[in-house]
There are 4 protein chains.
Amino acid sequence: MTQARAPRADAVRNRKKILAAAGEQITAHGPEVGMDEIAAAAGVAVGTLYRHFPTKTDLVGAVVAGRVARVADDAEAALARVTAGARAADELTAFLGRVIEASVTDRAVKAAARTLGAEPGDHDDEDRGGAAVAAIVRAGQADGDIHPDVTVGDIYLLFSTAPTEQPPAARARWLALVTPGLTTRARQAES
Amino acid sequence: MTQARAPRADAVRNRKKILAAAGEQITAHGPEVGMDEIAAAAGVAVGTLYRHFPTKTDLVGAVVAGRVARVADDAEAALARVTAGARAADELTAFLGRVIEASVTDRAVKAAARTLGAEPGDHDDEDRGGAAVAAIVRAGQADGDIHPDVTVGDIYLLFSTAPTEQPPAARARWLALVTPGLTTRARQAES
Amino acid sequence: MTQARAPRADAVRNRKKILAAAGEQITAHGPEVGMDEIAAAAGVAVGTLYRHFPTKTDLVGAVVAGRVARVADDAEAALARVTAGARAADELTAFLGRVIEASVTDRAVKAAARTLGAEPGDHDDEDRGGAAVAAIVRAGQADGDIHPDVTVGDIYLLFSTAPTEQPPAARARWLALVTPGLTTRARQAES
Amino acid sequence: MTQARAPRADAVRNRKKILAAAGEQITAHGPEVGMDEIAAAAGVAVGTLYRHFPTKTDLVGAVVAGRVARVADDAEAALARVTAGARAADELTAFLGRVIEASVTDRAVKAAARTLGAEPGDHDDEDRGGAAVAAIVRAGQADGDIHPDVTVGDIYLLFSTAPTEQPPAARARWLALVTPGLTTRARQAES
DNA sequence: GATGAATGAGACTTCATTCAT
DNA sequence: AATGAATGAAGTCTCATTCAT
């Protein structure tokens with residue numbers, strides 16, 4: 001059973017260039033950038049872009065998928081720290097904060113977050129991220145720090161609604177407002 | 001200094017028709033409806049539409065302002081109930097819930113919410129709504145039910161991020177997750 | 001019941017210009033000319049073209065309909081001559097010949113002919129032309145010159161298959177080959 | 001003078017595969033199929049396809065030539081039957097009918113017919129078919145059944161214009177209309 | 001000689017906005 | 001003041017053909 005024939009080196013290079021360029025462009029100007037602009041930024045012709053991604057939706061999807069992977073990596077790193085002894089509730093909050101900050105400068109991450117919030121998650125990276133978050137949540141619940149009925153879905157739901165277009169102060173405030181819903185401690189006044 | 005010459009009666013009528021039609025269209029299909037469609041729904045020509053609103057942004061803005069007025073009315077009604085003896089914290093949560101449900105069927109309300117979250121609020125209706133919400137918050141704080149550092153801005157911030165595209169269950173869950181951030185009670189398990 | 005509001009003078013002018021230009025372009029280069037080219041030839045912007053004809057198909061259809069009208073006119077003129085005493089069989093053959101010659105320099109006429117051959121004919125001009133041809137055929141059958149079972153459909157069928165891409169000699173020969181199928185006389189040798 | 005170096009075995013194989021695939025695709029979807037689709041159907045890459053046929057036109061031409069060969073075969077078979085005693089006029093009509101029916105399910109045959117009608121015929125298969133048809137015609141003329149001035153070109157001319165896009169009834173009717181132009185008998189009414 | 005990725009002009013269509021009537 | 005036709009840039013996608021591997 002021969003494997004699907006190794007992709008050509010230059011095609012791989014181009015695919016990377018396209019994904020990188022698409023990421024940058026979408027990060028900077030949102031998903032409504034033209035395909036021509038993305039192609040130009042990638043240094044290829046539109047046709048090439050369409051060979052790799054038959055549809056704009058496909059391209060945006062691929063970019064978003066990439067961001068999901070990053071988020072998953074982040075979640076797994078957080079879980080590793082928890083396993084190593086860090087407090088789960090803190091790691092969860094910090095993770096949430098990082099994802100929000102990321103989506104501020106990267107509108108594709110926001111879309112990724114929305115995707116996570118919308119779908120049960122059947123792709124690899126989503127599963128990976130979901131599993132890590134779930135483990136963190138469970139750890140926090142075992143500690144008695146995270147409220148027993150909190151689920152991964154709740155976390156997704158929250159960061160799919162984070163105020164990424166707002167100024168830093170508002171984002172911090174939002175996180176502070178939302179955290180008590182996850183933890184068991186009564187809310188404390190901010191400084 | 002001559003005053004701005006009283007507007008012609010039919011011009012006034014047209015303005016109303018346009019706003020109403022724009023509201024319906026944007027409610028139904030989002031802000032991406034074409035200007036032609038709005039004009040047709042209003043029973044006027046595009047040119048007329050542009051005479052009243054030099055830009056699509058202006059028109060959408062006007063529609064949004066109308067929804068802000070509704071939200072303000074709702075807030076004032078809630079305040080009236082509080083004044084009449086209702087529990088402020090409950091009214092606040094219920095108000096938040098109503099605004100969210102409204103934005104589900106009315107995409108213009110969503111935009112209105114976003115506007116409120118984004119701007120300090122210098123227009124009449126925003127002030128009106130803001131004042132009512134502020135009064136409710138203060139009442140709840142006086143009762144000891146709402147956390148002392150909660151501000152009107154927090155409320156705006158929250159409903160500007162409500163998950164209006166999600167199914168009802170998710171919206172309810174979101175509200176439950178977010179409420180503890182406003183109140184002083186520790187979070188209780190859901191049924 | 002007010003009529004549908006008289007069309008604006010300039011719009012009428014443009015519609016004519018567009019139809020004329022589209023006719024020329026399609027005549028010259030076939031139906032695959034670009035909409036931009038047609039618009040340029042008409043001296044309008046593409047948008048204008050699309051306002052008048054929402055789809056390329058619509059435009060081509062309109063052009064073809066125009067050619068159908070011409071053919072119908074021709075048929076009626078022939079019928080008039082028959083009524084005035086001309087021999088029906090001769091007029092029929094001559095009419096067939098003229099339509100063929102027309103479709104040589106005008107690919108839109110060819111398409112029109114194909115349309116006629118394909119459809120039962122429910123539009124005005126098609127009916128008009130069909131009625132005239134039918135009358136000529138009947139006259140010829142009354143004279144005993146045209147075979148009794150010939151129908152209008154036969155005529156349409158024939159000129160929908162005329163060899164318009166062939167040199168003049170071939171076109172003439174084709175007509176000569178096809179005529180005996182319509183008439184009652186045994187075929188005569190050509191000069 | 002070095003001769004053109006014998007072609008590589010796999011190249012020959014590829015040429016055949018390409019022609020076969022192109023035939024199928026054009027038969028099925030008309031000449032507007034993409035080169036990529038043809039290449040895929042042939043199991044080769046586009047580049048290979050272009051090495052064998054520098055232009056789409058060339059490829060289509062080659063396919064068409066293949067269909068010409070089939071028609072020639074058919075004509076020779078008919079001639080054989082005539083030689084064996086069959087009535088030439090009948091064989092000619094039947095042959096015409098078969099070619100028409102073939103072009104209905106095979107759009108490449110139609111193109112082939114058009115080619116035959118258009119060109120004097122200088123390729124092998126065209127000559128072969130032309131010679132057979134000519135012999136049949138001559139036999140019919142000797143019988144007194146086929147009109148003396150009918151030529152091979154007439155036959156080509158006729159089937160280059162057959163209504164292959166029309167329903168079976170129309171095709172049959174067309175053949176009936178056209179036959180009297182070839183034969184010496186006066187036309188008879190259809191049943 | 002084969003592969004298949006890259007090219008890029010061009011196709012159709014949409015829509016916010018302007019302007020002659 | 002209203003009308004609605006005109007504008008034209010922009011958008012997504014296709015496809016015959018070229019060329020590096």
Side-chain angles (χ1 to χ4, degrees), chain A residues 5 7-15 18 32-39 42-57 59, chain B residues 7-15 32-40 43-57 59, chain C residues 5 7-15 18 32-40 42-57 59, chain D residues 7-12 14-15 32-40 43-57 59:
Chain A
R5 172 185 288 276
R8 246 165 59 173
D10 56 342
V12 172
R13 249 195 327 273
N14 270 334
R15 188 167 215 279
I18 288 171
E32 54 279 357
V33 271
M35 292 296 259
D36 286 27
E37 263 149 307
I38 294 175
V44 302
V46 254
T48 303
L49 195 159
Y50 273 93
R51 164 174 281 271
H52 288 280
F53 303 94
T55 267
K56 188 178 189 178
T57 305
L59 175 56
Chain B
R8 251 166 55 174
D10 60 339
V12 172
R13 256 198 318 277
N14 272 338
R15 188 168 216 278
E32 54 279 359
V33 271
M35 292 297 259
D36 285 26
E37 261 150 308
I38 294 174
V44 302
V46 251
T48 304
L49 193 159
Y50 271 91
R51 169 167 293 273
H52 287 282
F53 302 93
T55 268
K56 190 179 188 178
T57 307
L59 175 57
Chain C
R5 172 183 289 276
R8 245 166 60 175
D10 57 342
V12 172
R13 252 195 324 275
N14 270 334
R15 188 167 216 280
I18 289 170
E32 54 279 357
V33 272
M35 291 297 259
D36 287 26
E37 263 149 307
I38 294 175
V44 301
V46 254
T48 302
L49 194 160
Y50 272 92
R51 164 173 282 270
H52 288 279
F53 304 95
T55 268
K56 188 178 189 178
T57 306
L59 175 56
Chain D
R8 251 165 55 173
D10 58 340
V12 173
N14 273 337
R15 187 167 218 279
E32 54 278 359
V33 273
M35 292 297 260
D36 285 27
E37 261 149 308
I38 294 174
V44 302
V46 250
T48 304
L49 193 159
Y50 271 92
R51 170 166 291 274
H52 288 281
F53 303 94
T55 268
K56 190 179 189 178
T57 305
L59 175 57

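In what follows, chains carry the letters A, B, and so on, assigned in the order in which the sequence lines appear, proteins first and then strands, with residues in each chain numbered from 1.
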Quiz item: Do D:Asp36 and D:Leu49 come close enough that some side-chain heavy atom pair is under 4.5 Å?
Solution: no
Practice problem: Rounded off to whole Å, could you give me the CZ-to-P distance for the C:Arg15 and F:dA5 pair? | Solution: 12 Å
Quiz item: Roughly, in whole Å, what's the span from CZ in B:Phe53 to P in E:dA16?
Solution: 16 Å
Quiz item: Heavy atoms under 4.0 Å, any strand shown: does C:Glu37 hit a base, just sugar-phosphate, or nothing?
Solution: sugar-phosphate
Practice problem: For A:Met35 and A:Leu59, run side-chain contact (heavy atoms from CB on, under 4.5 Å): C-alpha distance rounded to whole Å, both residues' side-chain angles, the deciding distance at 0.1 Å, then the answer. | Solution: CA-CA 9 Å; A:Met35 292 296 259; A:Leu59 175 56; 4.1 Å; yes
Quiz prompt | Protein-nucleotide distance (C:Leu59, atom CG; E:dA11, atom P), rounded to Å | solution = 14 Å
Practice problem: In whole angstrom, give the distance that lies between atom CZ of A:Arg13 and atom C1' of F:dT21. | Solution: 10 Å
Self-check item: Which nucleotide in E:dG4, F:dA16, E:dC12 has an atom nearest any side-chain atom of C:Met35
Solution: E:dC12
Quiz item: 5'-most contact on DNA chain F: B:Ala45 or D:Thr57, nearest heavy atom basis?
Solution: B:Ala45
Exercise. Round to a whole Å and report the spacing from CD1 of C:Ile38 to C1' of E:dG10.
Key: 14 Å
Quiz item: Where the side chain of B:Val44 is defined as all heavy atoms beyond and including C-beta, which of F:dT3, F:dT7, E:dG1 is the nearest nucleotide?
Solution: F:dT3
Self-check item: For atom CZ of B:Arg51 and atom P of E:dT17, their distance in whole Å
Solution: 16 Å
Practice problem: Please report the shortest heavy-atom distance between B:Thr55 and B:Thr57, naming the atom on each side. | Solution: CG2-N, 2.9 Å
Quiz item: So which heavy atom on A:Ile18 is nearest to which on A:Phe53, and how close?
Solution: CG2-CE1, 3.7 Å
Quiz item: Start at the 5' end of DNA chain E and walk down; is the nucleotide closest to A:Leu49 or to B:Gly34 reached first?
Solution: A:Leu49
Exercise. Name the residue closer to the 5' end of DNA chain F, choosing between B:Asn14 and D:Gly47 according to the nucleotide with the nearest heavy atom.
Key: B:Asn14
Practice problem: Mind calculating the distance between CG (A:Asp36) and C1' (F:dA10) to the nearest angstrom? | Solution: 9 Å
Quiz item: Under 4.0 angstrom, heavy atoms only, what part of the nucleic acid is A:Val46 near: base, sugar-phosphate, or nothing?
Solution: base
Self-check item: side-chain N/O A:Thr48 vs E:dA5 OP1/OP2, d < 4.0 Å
Solution: no
Quiz item: If you take all heavy atoms of A:Ala45 and A:Ala39, which pair is closest and at what distance?
Solution: C-CB, 4.0 Å
Quiz prompt | Interatomic distance where NE2 belongs to A:His52 and C1' belongs to E:dT7 [whole Å] | solution = 12 Å
Exercise. Take B:Lys56 and D:Gly43, find for each the nucleotide of DNA chain E with the closest heavy atom, and name the residue whose nucleotide sits nearer the 5' end.
Key: D:Gly43
Self-check item: Assigned partner base of E:dA20, Watson-Crick or wobble definition, under 3.5 Å
Solution: F:dT3
